[in-house]
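Since the structure comes first, as structure tokens, the remarks are kept for the end.
Small disclaimer: the values here were computed from a predicted structure and weren't measured. Labels below follow one simple rule: chain letters A, B, ... track the order of the sequence lines, proteins then strands, and each chain is numbered from 1. Heavy atoms only: backbone and side chains are in, while hydrogens, waters and symmetry mates are out.
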Amino acid sequence: MSAIPISVQASSHLGASAPDYLSGLNPEQLKAVTTVTGPVLVLAGAGTGKTRVLTTRIAHILKLGLARPSEILCVTFTNKAAREMRERAERLIGPAATGLYNLGTFHSIAAQILRRHAELVGLKSTFTILDDDDQVRLLKQIIEGRRIDTKRFPPKTLAHFIDQWKNKGLLPDQVAKLNDEGADFAFGKGAEIYAEYQDRLRVLNACDFGDLLLHTLKIFTQYHEVLAQYHARFKYILVDEYQDTNVAQYLWLRILTNADRNLCCVGDDDQSIYGWRGAEVDNILKFERDYPGAEVIRLERNYRSTKHILAAAAGLIKANSARLGKTLWTEDQAGKKVLVQGIWDSAAEAQWVSEDVEKQKKAGRAYQDMAVLVRASFQMRAFEERFLMLQIPYVVIGGPRFFERAEIRDAIAYLRLIQSPDDDLAFERIINVPKRGIGDATVQKLLMQARVAGQSVMAAVRDLIDTDELPTRARTPLTAFVRDYDRWRELAKTIKHDMLLDTVLTDAGYYDMHRADKVSGQSRLDNLKEMVNSMADFEDLMAYLEHVSLVMELERDAGANSVKIMTLHGAKGLEFPVVYLPGWEEGIFPSQRSMDESGLRGLEEERRLAYVGITRAREEARISFVANRQVYGRWTSQLPSRFIDEMPIEHVEAVSQTGYAQAGWTSQESRWDRAGYQPNYTKREEPKAFGGNLSGVDMSRLEPKPHRPSAPAKPQPSKGLTVGTRVFHVKFGYGEVKETEGNKLIVRFETGDKKVMDSFVEKA
DNA sequence: GTCGGACTTATTTTT
DNA sequence: TAAGTCCGAC
């Protein structure tokens with residue numbers, strides 16, 4: 001744990017020249033970078049230079065010659081984080097960064113390891129990685145095979161339980177002893193079906209995401225010589241976002257940490273927002289217990305936000321109990337107080353935000369300096385509608401991802417089947433897409449035959465088309481398909497994989513199928529084109545398929561010069577000068593469901609989410625809540641979120657004209673009243689000076705008025721705003737945006753197959 | 001194989 | 001409310 005003595009002034013290791021990569025670090029950061037031996041926990045608050053510390057640490061280890069690039073294991077959660085890390089490391093150490101083979105996500109590194117030792121867990125090294133769609137379909141087969149009603153016991157639900165178990169590192173036999181909700185699935189058959197699912201995966205030579213970690217974990221536990229090999233290889237381990245690790249990842253890291261214990265975990269317990277998918281805040285809380293003698297370094301100097309923003313966020317997070325505790329500080333100016341605005345209903349809320357966006361724009365801010373962060377995606381719609389009317393360019397970040405689109409999945413299934421004829425799930429997906437007259441009954445028959453004969457479906461088809469067991473009506477198209485398939489396999493040996501896909505999709509009539517589709521065919525064809533283009537960047541089909549199963553994303557138009565609309569979860573790791581935080585109402589945020597399902601733990605996670613939201617702001621955070629909100633078509637009366645009261649009032653500004661009163665509350669006791677703000681609807685005594693925090697105000701005394709419809713908001717022509725020639729490429733409901741005709745941009749939105757609106761935007 | 005009506009179900013989402 | 005799924009009718 002001892003810091004290797006190195007200072008900016010003098011270093012015997014680094015020759016005469018000062019290590020300039022260390023210059024500009026503050027004392028804590030320097031310590032986090034240079035304490036390279038022994039376990040280290042870096043508690044890095046929001047905006048304290050976490051990534052910089054990690055990358056500089058890598059550089060430092062390399063410059064001191066303590067390890068070669070390939071001997072550093074550096075794990076992240078997302079591909080984006082891994083990419084950013086690599087880029088920044090490259091800037092520090094130059095081309096040597098290419099040698100950082102073990103910098104990547106937990107899953108990609110685990111997959112690499114598993115490919116090398118697959119046979120130890122009964123797989124071949126060419127195993128396929130299933131996406132959750134495949135996973136669900138496989139489970140459906142198993143459940144139906146057991147004659148269990150898939151309506152009462154949906155495969156999706158079990159898939160969710162299995163994921164949770166795998167997150168916790170639980171294997172089927174361990175689940176059997178468990179008495180949880182999932183084990184009760186289908187009258188206590190949960191564990192049994194889980195076991196069967198694992199067996200099927202082995203037969204299919206496949207694994208799901210959780211298996212990547214669990215299988216490697218099993219190998220490390222059972223084969224000491226393999227573990228020893230990795231202990232020798234991974235001399236230094238670095239972990240990003242440690243607060244997001246689940247139990248399986250935690251165990252994985254523990255076992256990979258060798259006797260030298262050169263493990264450095266960086267994280268922030270206050271930003272743990274993924275509990276619902278298995279993250280254990282506990283992992284970071286108990287780090288010191290797990291690694292006795294660990295050095296704990298706190299990064300508390302914030303380089304992002306103003307004083308008011310930090311103080312408001314700090315007051316909020318203070319209400320959480322289980323924390324390691326940090327006090328962020330900044331040398332930045334006080335700045336503006338966090339604004340809190342009560343509003344009548346959600347349409348008015350969107351109006352308020354968009355007017356403010358225009359005001360900011362006129363005052364010289366760029367659109368990309370602003371972001372709207374919502375709790376749940378259904379809240380996005382109101383903002384999209386309003387932004388459209390006002391012609392404010394925006395981009396929705398998140399939403400259905402490229403590789404989750406049906407057409408892309410189909411194309412991948414074709415490729416997967418060509419790559420490995422045994423891929424039954426891929427076969428099933430495309431055998432009748434486009435329609436070849438091979439119906440459900442035939443497919444079931446094929447599956448059955450394959451199962452009985454213990455062979456793959458493709459092999460079963462080859463056998464069956466030579467017999468009389470199938471009606472001619474099914475045999476003819478199947479024969480044709482096999483013939484095509486064999487041709488594609490041959491073709492794959494000679495032509496490049498991107499050309500291969502193009503040919504296959506043409507031959508199979510897949511393009512034609514979408515060309516015939518007037519509604520969304522064109523956008524699907526566009527997506528396929530994009531896919532073919534993207535394939536060129538990969539060496540071969542194998543490499544491409546590995547990429548799509550693990551990376552599952554494609555660089556999308558980042559939407560320069562546009563307001564970002566995203567969920568709070570999606571905003572983690574980002575920052576914006578101005579952040580809008582709408583929908584701070586009890587039940588919405590904090591989410592009722594969170595609180596119902598996980599009680600206090602759920603509430604605390606919601607609070608961390610609020611904390612993440614506020615700390616995204618560099619200069620301005622603007623919170624709003626409404627009195628009336630439509631939830632699933634019903635009007636509901638809302639109460640302001642408790643989080644509002646938890647922010648210290650001296651760092652918060654409420655707009656007097658439009659505080660609770662305007663939002664529709666009738667209370668005489670709202671905190672704004674007591675803070676001296678004059679509601680505009682009632683006479684009251686001299687405002688009293690208010691001192692101190694207002695948490696503890698009895699919120700039950702606030703009574704929202706029942707909803708009365710407000711006058712529909714008129715679309716307002718954009719005043720003096722220029723919309724550039726930017727191509728709008730956004731999501732709206734379930735439709736897509738088309739574009740351009742002459743000097744006009746036509747933005748067409750479709751919901752399902754109903755056209756909703758056309759919007760015309762003059763090109764500037 | 002396709003269409004339409006009934007029925008169900010509404011967080012957060014990465015790998 | 002509104003979108004997705006399922007099932008029966010043609």
Practice item. Figure out the NZ/P separation between A/Lys80 and B/dT13, and round it to whole Å. Key: 13 Å
**Study point:** Lys/Arg-Asp/Glu bridge criterion (N-O < 4.0 Å) met for A/Asp131, A/Arg137
**Key:** no
Review point. Can you find a donor-acceptor N/O pair under 3.5 angstrom joining the side chain of A/Arg375 to the base of B/dT12?
Key: yes
Practice item. Send over the distance from A/Gln112 CD to B/dT15 C1', rounded to a whole Å. Key: 15 Å
Check your understanding: Between A/Glu605 (CD) and B/dT11 (C1'), how many Å, whole number?
Key -> 11 Å
Practice item. May I ask you to check if A/Arg436 and A/Phe481 form a cation-pi contact, with NZ or CZ under 6.0 angstrom from the six-membered ring centre and within 45° of the axis? Key: no
Practice item. Write down the distance between CZ (A/Arg381) and P (C/dA2), rounded to a whole number of angstrom. Key: 7 Å
Review point. Once you round it to whole Å, what is the distance between P of B/dT9 and NZ of A/Lys156?
Key: 12 Å
Check your understanding: Considering heavy-atom distances to DNA chain B, does A/Tyr632 or A/Arg277 have its closest nucleotide positioned more toward the 5' end?
Key -> A/Tyr632
Point to revise | Candidate nucleotides B/dT11, B/dT14, B/dT2, ranked by approach to the side chain of A/Thr78 - the nearest | key: B/dT14
Check your understanding: Ring centroid separation for A/Trp276 and A/Tyr274, is it under 6.0 angstrom?
Key -> yes
Review point. Does A/Asn79 have a side-chain nitrogen or oxygen under 4.0 Å from the phosphate oxygens OP1 or OP2 of B/dT15?
Key: yes
Exercise for review: Examine B/dT14: is either OP1 or OP2 under 4.0 Å from a nitrogen or oxygen in the side chain of A/Thr105? Give yes or no.
Suggested key: no
Point to revise | Nearest-nucleotide 5' precedence on DNA chain B, A/Asn432 against A/Ser591 | key: A/Asn432
Practice item. Take the protein atom CD1 of A/Ile273 and the nucleotide atom C1' of B/dT14, then report the distance between them rounded to whole Å. Key: 12 Å
Practice item. In plain terms, say whether A/Asp211 and A/Lys166 are close enough for a salt bridge, that is, a side-chain N and a carboxylate O under 4.0 Å apart. Key: yes
